[in-house]
Asks: 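Okay, here's the structure, questions in a sec.
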Protein chains: 2
Amino acid sequence: MANNSPAIDRVFHALSDQTRRAIVMRLSARPSAVGELFTPMPMALPTLLKHIRVLEDCGLVATKKVGRERICEMQPDALRATDAWLAQQRAVWDARLDRMEAYVLDLQTRE
Amino acid sequence: MANNSPAIDRVFHALSDQTRRAIVMRLSARPSAVGELFTPMPMALPTLLKHIRVLEDCGLVATKKVGRERICEMQPDALRATDAWLAQQRAVWDARLDRMEAYVLDLQTRE
DNA sequence: CCTATAGTAAGCCAAATGGCTAACAATTCG
DNA sequence: CGAATTGTTAGCCATTTGGCTTACTATAGG
């Protein structure tokens with residue numbers, strides 16, 4: 001399975017920060033301007049901007065300038081590859097757990 | 001929803017590295033000793049050890065010393081919270097996309 | 001035109017990350 | 001016992017990260 005993807009690296013890294021996950025959660029509900037996202041955040045504006053850039057760079061968020069505001073919006077598709085990777089792993093180890101369970105049951109039956 | 005979890009931070013961070021994802025993929029299939037994991041890796045042993053420690057610290061992998069080998073094994077449960085977070089976000093934005101679709105359909109019907 | 005608003009750019013800093021080498025255990029096997 | 005195998009510890013290094021401040025641009029509104 002595909003693992004050598006810089007895109008997956010960047011998405012996982014983007015989501016490894018609480019601030020960025022909070023941004024994603026807010027944008028999942030609806031698009032927002034930078035200032036709107038900023039209001040409840042305990043950090044300076046330029047710091048928040050950096051986080052938004054990280055989310056943009058990995059494709060999770062798209063932004064556009066409207067007047068003097070910058071509107072940020074989720075791009076759910078960017079999560080497909082990442083999501084698929086997790087699902088695949090789950091499938092593999094679930095299968096392994098099933099085989100182990102079958103094995104244990106088989107042992108018990110033979111007793 | 002829960003976002004303030006250092007555990008989620010650590011799991012996402014652990015998975016943001018290609019080497020560590022490769023380790024997870026191999027361990028999803030079966031447990032392995034450090035040396036066995038090391039063989040195909042293009043890096044020094046101590047470097048690999050550090051990656052294994054990262055996976056251990058976030059609970060994704062458990063290890064035990066057996067003779068002079070250290071056996072590493074997946075701990076799938078550690079992914080539950082992370083997986084749940086992703087699933088929740090997907091649910092939220094899918095709902096949003098559905099509402100948007102309904103809205104567009106409604107507009108078309110009125111025409 | 002002038003001022004307030006909203007965002008950007010540049011640059012500094014401490015801590016964390018991912019890599020290395022060299023030296024040091026701890027087990028196993030002949 | 002002595003040597004080979006398998007990790008492990010310690011320490012060095014360059015880069016990245018996430019935070020800050022200060023100064024600047026761009027648009028909206030009076």
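Here the structure is a predicted model, which means the values were calculated and not measured. Order of the sequence lines sets the chain letters (A, B, ...), proteins ahead of strands, with each chain counted from 1.
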Asks: Of the non-hydrogen atoms in B:Asp17 and A:Asp9, which two are nearest, and what is the gap between them?
Replies: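 Smallest heavy-atom distance, with atoms named: CA-OD2, 4.2 Å.
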Asks: Is the side chain of A:Arg20 donor-acceptor paired with the backbone N or O of A:Leu15 at a distance under 3.5 Å, no angle test?
Replies: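 Not a single qualifying donor-acceptor pair exists.
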Asks: Once you measure the plane-to-plane angle for B:Phe12 and A:Phe12, does it fall in the parallel (<30°), tilted (30-60°) or perpendicular (>60°) bin?
Replies: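 B:Phe12 and A:Phe12: tilted rings.
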Asks: Can you sort out the partners of B:Arg26 under side chain to side chain donor-acceptor pair (under 3.5 Å), two or more places apart, ordered by chain and number?
Replies: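 Counting only residues at least two positions away or on another chain, B:Arg26 forms no side chain to side chain donor-acceptor pair (under 3.5 Å).
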Asks: What are the residues of residues 50-66 of chain B, sorted by number, that bring a heavy atom to within less than 4.0 Å of DNA chain D?
Replies: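 Heavy-atom cutoff 4.0 Å gives B:Arg53, B:Lys65.
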Asks: Strictly below 4.0 Å, N to O, side chains only: are B:Arg80 and B:Asp83 in salt-bridge contact?
Replies: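 B:Asp83 and B:Arg80: not salt-bridged.
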Asks: Minimum heavy-atom separation for B:Ala14 and B:Leu60, please, with both atom names.
Replies: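 Taking B:Ala14 first and B:Leu60 second, the nearest heavy atoms are CB-CD1, 4.3 Å.
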Asks: In the hydrophobic clustering that connects Ile, Leu, Val, Met, Phe, Trp and Tyr at side-chain heavy-atom distances below 4.5 Å, which members other than B:Ile71 occupy its cluster, ordered by chain and number?
Replies: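 So far as hydrophobic clustering goes, B:Ile71 is joined with B:Val66.
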Asks: Shoot me the first and last contacting nucleotide of DNA chain C against chain A, ordered 5' to 3', at under 4.0 angstrom to non-hydrogen atoms.
Replies: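 The contacted stretch runs from C:dA4 to C:dA9.
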Asks: What residues form a side chain to side chain donor-acceptor pair (under 3.5 Å) with A:Arg70, not counting sequence neighbours?
Replies: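 Partners of A:Arg70 under the side chain to side chain donor-acceptor pair (under 3.5 Å) test: A:Thr63.
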Asks: Less than 4.5 Å apart, any side-chain heavy atom of A:Glu56 and any of A:Arg53?
Replies: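 A:Glu56 reaches A:Arg53 side chain to side chain.
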Asks: DNA chain D: A:Leu48 or A:Arg68, which has the more 5' nearest nucleotide?
Replies: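 The residue closer to the strand's 5' end, by nearest nucleotide, is A:Leu48.
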Asks: In this structure, are over 12 heavy atoms from other groups packed under 6.0 Å from A:Lys65 atom NZ?
Replies: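 Counting other residues, nucleotides and ligands, NZ of A:Lys65 exceeds 12 neighbours.
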Asks: Reading DNA chain D from 5' onward, which residue's closest nucleotide shows up sooner: A:Ser16 or B:Glu69?
Replies: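 Nearest nucleotide further toward 5': that of B:Glu69.
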Asks: Could you give the start and end, 5' to 3', of the contact zone on DNA chain D for chain A, using atoms under 4.0 Å from its heavy atoms?
Replies: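 It runs D:dT17 to D:dA28.
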